[in-house]
Amino acid sequence: MKQQVVFLLSLLLVVLASCKNEPKQEAYNPFATPEGCVKEYLDAKDSCDMVRMLKCFSYEAKYESYLREHLQKKINDDARKKELSPEYHYKVDSVKQKGEYPNSAEVAVYYTYGYNKDQTFTDDYTMNLVKDSTNWKIEVRIGLGFSTN
């Protein structure tokens, strides 16, 4: 009986030693930083993934159709550029945070583009982000215009 108890205790000790407390791996959250959010958007745009693109924005549900139409137009324009000019190229060089405030941030996207291999241009644009609880999202500004004919 004493040998069985010693055997069970040693077996329990081996099992406990093999079950080390390994640090938990956190799931990757691209929205944890302003740069991560913008990179996720650019990656989703490159793969023409509308659902992923929409997840990168902060907007009210009633404006989703406007945003979706605008993003689809952007995807179609990029495809048309490639179709009309087969040598058209566009490459994001870097994404850098310009400033961070308590509930907002500015991120600059630097890119290179051209319509043939001999002409290459560099440019940049700034995206405004807002903090949505603990995540960063791209700010949506919707402007409506009326015209009369």
Side-chain angles (χ1 to χ4, degrees), residues 10-149:
S10 63
L11 183 63
L12 181 62
L13 186 60
V14 169
V15 170
L16 288 175
S18 66
C19 297
K20 293 179 183 175
N21 287 337
E22 294 182 21
K24 294 180 182 178
Q25 291 184 357
E26 295 182 23
Y28 172 69
N29 179 10
F31 304 108
T33 64
E35 297 98 332
C37 178
V38 172
K39 288 177 183 178
E40 174 69 11
Y41 166 72
L42 294 170
D43 187 46
K45 187 176 108 176
D46 285 345
S47 61
C48 301
D49 189 341
M50 181 66 68
V51 174
R52 279 179 57 207
M53 289 171 72
L54 287 171
K55 287 180 182 178
C56 297
F57 288 90
S58 174
Y59 61 92
E60 291 183 38
K62 64 184 178 181
Y63 298 119
E64 182 175 328
S65 62
Y66 293 117
L67 180 58
R68 199 174 57 244
E69 289 172 9
H70 174 74
L71 294 174
Q72 189 61 53
K73 183 179 181 304
K74 204 171 209 39
I75 290 171
N76 294 344
D77 288 347
D78 290 345
R80 189 173 306 115
K81 285 178 186 175
K82 291 176 185 175
E83 184 180 307
L84 293 175
S85 180
E87 292 184 21
Y88 174 78
H89 58 280
Y90 174 91
K91 178 184 165 251
V92 174
D93 298 322
S94 64
V95 176
K96 302 223 187 256
Q97 183 171 323
K98 290 173 66 174
E100 184 175 332
Y101 312 99
N103 294 311
S104 64
E106 294 177 326
V107 175
V109 177
Y110 299 92
Y111 64 97
T112 304
Y113 72 100
Y115 290 93
N116 59 46
K117 60 184 174 186
D118 297 330
Q119 289 183 321
T120 299
F121 306 98
T122 58
D123 204 358
D124 66 272
Y125 57 90
T126 301
M127 299 182 84
N128 295 312
L129 289 89
V130 292
K131 199 160 198 176
D132 182 14
S133 69
T134 59
N135 292 325
W136 288 95
K137 300 288 180 138
I138 300 169
E139 181 180 29
V140 174
R141 295 180 184 172
I142 297 179
L144 299 174
F146 298 97
S147 66
T148 58
N149 293 332

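Keep in mind it's a predicted model, so treat the numbers as computed, not measured.
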Original post:
Say you draw a straight line from CG of Asn29 to CG of Asn135; how long is it, rounded to the nearest 0.5 Å?
Top reply: 4.5 Å
**OP:** Check whether any side-chain heavy atom of Ser58 lies under 4.5 Å from a side-chain heavy atom of Trp136, and answer yes or no.
**Re:** no
Original post:
CD1 of Ile138 to OH of Tyr59: how many Å apart, nearest 0.5 Å?
Top reply: 11.5 Å
Original post:
Atom OG in Ser94, atom NZ in Lys39: separation rounded to 0.5 Å?
Top reply: 9.0 Å
Original post:
Does the separation of the ring centres of Phe121 and Tyr113 fall below 6.0 angstrom?
Top reply: yes
Original post:
What is the minimum heavy-atom distance between Cys56 and Cys37, and which atoms define it?
Top reply: O-SG, 3.6 Å
**OP:** Scan for side-chain hydrogen bond (donor to acceptor under 3.5 Å, both in side chains) pairs involving residues 47-57, sequence neighbours excluded, and state none if there are none.
**Re:** Glu40-Arg52, Asp43-Arg52
Subject >> Partners meeting side chain to side chain donor-acceptor pair (under 3.5 Å) with Asn76 (sequence neighbours left out) >> reply: Gln72
**OP:** Please list all pairs passing the salt bridge (Lys or Arg N to Asp or Glu O under 4.0 Å) test where one or both residues lie in residues 121-143, with sequence neighbours left out.
**Re:** Glu139-Arg141
Original post:
Rounded to the nearest 0.5 Å, how far does CD of Glu100 lie from OG1 of Thr33?
Top reply: 9.0 Å
Distance-only criterion, 3.5 Å: show the donor-acceptor pairs between side-chain atoms of residues 78-89 and protein atoms not counting sequence neighbours.
unit_1: Arg80; atom_1: NH1; unit_2: Asp77; atom_2: OD1; d: 3.0
unit_1: Ser85; atom_1: OG; unit_2: Tyr115; atom_2: O; d: 3.0
unit_1: Glu87; atom_1: OE1; unit_2: Lys117; atom_2: N; d: 3.3
unit_1: His89; atom_1: ND1; unit_2: Glu87; atom_2: O; d: 3.3
unit_1: His89; atom_1: ND1; unit_2: Gly114; atom_2: O; d: 3.3

Original post:
From Glu35 CD over to Leu42 CG, what is the distance, rounded to the nearest 0.5 angstrom?
Top reply: 12.0 Å
Original post:
Given side chains that start at C-beta, do those of Ile75 and Met50 come closer than 4.5 Å, heavy atoms only?
Top reply: yes
Subject >> Test salt bridge (Lys or Arg N to Asp or Glu O under 4.0 Å) applied to Glu106 - qualifying residues, sequence neighbours left out >> reply: none
Original post:
Can you list every ring-ring contact (aromatic ring centres under 6.0 Å, His included) pair that touches residues 35-54, not counting sequence neighbours?
Top reply: Tyr41-Phe57
